[in-house]
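The model shown is predicted, which means the values in this text are computed figures rather than measured ones.
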Amino acid sequence: VSQSRYQIRRETEMVIVNCEFRVSDKLTYYRVPATRYQLLATMIKEIQELYHDSSNDEEAKGMSAYMKNNFPFLGIKKPIRAEILKPYFVELKNYSSEEIFNIAKEFWKLPERGYHYTAIEILVKAKRKWTKEYFDFFEYMLCDKSWWDSVDTIATKLIGEYVYMHRKTLESKMVQYASDANMWRRRTSIIFQLFYREECNFELLFSNIRLNKNDPEFFIQKAIGWSLRQISEKHPDLVQDFVEQEGLRGLAKREALRKL
């Protein structure tokens, strides 16, 4: 059969029955590999083929340049990637926690940045199936192939969400991150609560900012301003007072007070 599962999915109604794809109209059966491992490998290969078919060399050059040429790109814009992945994301609910974890790890190993985004997106979608092993992998990803485009999503949508679910035991790790030698961990300690809104631990946020406020690194100063701006809408006086009391200057101050 020359059609991929993705193509068949778009044309027919399909369910998995005993390692077969039972199709309701044009085809009777589309046999798949006999083992779950082979099934997952086939899915990964199909996505790679679809990405290859949608790649754009000119777009790839621009994307790579925007990220300081740290990574090769496929030149696939986010809406196109989302459309390609849509049917596979629907299928994720049929996979075990371990299987989803392995799929994400395989995509993370690949060199092109689009696959790293895919790994992150798969992990975000699998939130209900996260285990401690997932968190360990989130921490690994944070310091591997690191740049702001991956770090910010990992920090807020993966590490931040997992810490939120285990605040009593893991907030202390974010305290450790604030003094870590790795700049991306320090940035994470400041922005991991970005989407906590009213449940933000202000004491922890302010403490982590104090530990890093004198660091001239752009990504640290930007993180400080970003995290404060995020809470300034509901707590303008709190943010204004903190900026003044801590003597924040430059980028951090401008970002923090931008909406005030």
Side-chain angles (χ1 to χ4, degrees), residues 1-17 19-23 26-27 29-64 66-67 70-130 133-134 137-138 140-141 144-145 147 149-154 157-158:
V1 178
S2 61
Q3 291 173 294
S4 70
R5 286 193 289 119
Y6 173 74
Q7 293 168 320
I8 293 174
R9 183 77 178 239
R10 290 174 65 88
E11 296 175 8
T12 62
E13 182 181 352
M14 177 185 72
V15 294
I16 299 177
V17 180
C19 292
E20 296 175 334
F21 286 122
R22 179 165 295 173
V23 185
K26 296 181 182 178
L27 304 176
Y29 292 103
Y30 175 43
R31 185 164 294 278
V32 298
T35 68
R36 295 289 290 182
Y37 176 82
Q38 290 173 317
L39 176 60
L40 299 181
T42 298
M43 186 188 76
I44 292 168
K45 183 179 179 181
E46 284 183 357
I47 292 174
Q48 287 181 274
E49 291 172 350
L50 290 166
Y51 277 12
H52 180 268
D53 292 343
S54 301
S55 63
N56 183 308
D57 289 343
E58 287 303 312
E59 291 285 355
K61 290 178 183 177
M63 291 177 179
S64 184
Y66 183 63
M67 293 299 166
N70 285 314
F71 315 97
F73 277 77
L74 295 164
I76 303 173
K77 293 184 177 180
K78 186 174 182 179
I80 298 174
R81 191 173 72 247
E83 182 63 24
I84 290 172
L85 293 174
K86 187 183 299 183
Y88 294 101
F89 283 164
V90 172
E91 290 181 23
L92 281 182
K93 65 179 180 293
N94 298 317
Y95 295 128
S96 69
S97 174
E98 181 180 10
E99 288 169 337
I100 294 171
F101 184 59
N102 289 335
I103 292 169
K105 285 197 295 185
E106 289 303 312
F107 279 120
W108 188 256
K109 291 177 185 177
L110 298 172
E112 290 83 5
R113 198 57 164 170
Y115 293 123
H116 306 158
Y117 298 154
T118 300
I120 292 170
E121 289 161 1
I122 287 171
L123 293 169
V124 170
K125 292 285 186 181
K127 180 178 176 179
R128 293 184 178 181
K129 298 187 179 183
W130 288 353
E133 287 69 30
Y134 274 74
F137 188 52
F138 300 163
Y140 168 78
M141 293 166 72
D144 181 55
K145 306 179 178 72
W147 198 238
D149 59 328
S150 62
V151 166
D152 289 357
T153 306
I154 293 168
K157 297 294 184 67
L158 296 180

Visitor: Could I get the full list of side chain to side chain donor-acceptor pair (under 3.5 Å) partners for S150, not counting sequence neighbours?
Guide: R113
Visitor: Would you find a donor on one side and an acceptor on the other, under 3.5 Å apart, between the side chain of H116 and the backbone of M141?
Guide: no
Visitor: Between CD1 of I44 and NZ of K105, what distance do you get to the nearest 0.5 Å?
Guide: 11.0 Å
Visitor: Could you list the residues that satisfy ring-ring contact (aromatic ring centres under 6.0 Å, His included) with F71, not counting sequence neighbours?
Guide: none
Visitor: More than 12 heavy atoms of other residues, nucleotides or ligands under 6.0 Å from OH of Y140: is that the case?
Guide: no
Visitor: Start with the C-alpha distance between N102 and E98, add both sets of side-chain angles, then the distance that settles side chain to side chain contact (heavy atoms under 4.5 Å, CB included), and finish with yes or no.
Guide: CA-CA 6 Å; N102 289 335; E98 181 180 10; 3.8 Å; yes
Visitor: For K125, does the NZ atom sit with more than 12 other heavy atoms under 6.0 Å from it, leaving out its own atoms?
Guide: no
Visitor: Is the shortest side-chain heavy-atom distance between F101 and K129 below 4.5 Å?
Guide: no
Visitor: Counting only heavy atoms not in D53, do more than 12 sit closer than 6.0 Å to its CG atom?
Guide: yes
Visitor: Test side chain to side chain contact (heavy atoms under 4.5 Å, CB included) on K61 and F73 and set out the steps.
Guide: CA-CA 7 Å; K61 290 178 183 177; F73 277 77; over 6 Å; no
Visitor: Would you check if the distance from the ring center of W130 to the ring center of F138 is below 6.0 Å?
Guide: yes
Visitor: Which residues satisfy the side chain to side chain contact (heavy atoms under 4.5 Å, CB included) test with E99, sequence neighbours excluded?
Guide: R36, L40, Y95, S96
Visitor: Would you tell me whether D149 and Y66 have side-chain atoms, one donor and one acceptor, within less than 3.5 Å of each other?
Guide: no
Visitor: Tell me, please, which residues at least two apart from I80 pass side chain to side chain contact (heavy atoms under 4.5 Å, CB included).
Guide: S54, I76, I84
Visitor: Answer yes when E121 and R81 have at least one side-chain N-carboxylate O distance shorter than 4.0 Å, and no when they do not.
Guide: yes
Visitor: Would you compute the distance between atom CE of M43 and atom CD of Q48 and round it to the nearest 0.5 angstrom?
Guide: 10.5 Å
Visitor: K109: what forms a salt bridge (charged side-chain N to carboxylate O under 4.0 Å, His left out) with it, not counting sequence neighbours?
Guide: E106
Visitor: Passes side chain to side chain contact (heavy atoms under 4.5 Å, CB included), L158 versus T153? Steps please.
Guide: CA-CA 7 Å; L158 296 180; T153 306; 5.7 Å; no
Visitor: Let's go through K157 and D152 carefully: what are the C-alpha distance in whole Å and the side-chain angles of both, what is the deciding distance for side chain to side chain contact (heavy atoms under 4.5 Å, CB included) to 0.1 Å, and is it a yes or a no?
Guide: CA-CA 8 Å; K157 297 294 184 67; D152 289 357; over 6 Å; no
Visitor: Do Y51 and T118 get their side chains close enough for a donor-acceptor pair, meaning under 3.5 Å?
Guide: yes
Visitor: What I'd like to find out is whether the side chain of Y134 reaches to under 4.5 Å of the side chain of I100, using heavy atoms alone.
Guide: yes
Visitor: Should the pair F107 and Y115 be assigned to parallel (<30°), tilted (30 to 60°) or perpendicular (>60°) ring geometry?
Guide: parallel
Visitor: For K77, what residues pass the salt bridge (charged side-chain N to carboxylate O under 4.0 Å, His left out) criterion, not counting sequence neighbours?
Guide: E59
Visitor: Taking the side chain as C-beta and beyond, is there a heavy-atom pair between E46 and T42 under 4.5 Å?
Guide: yes
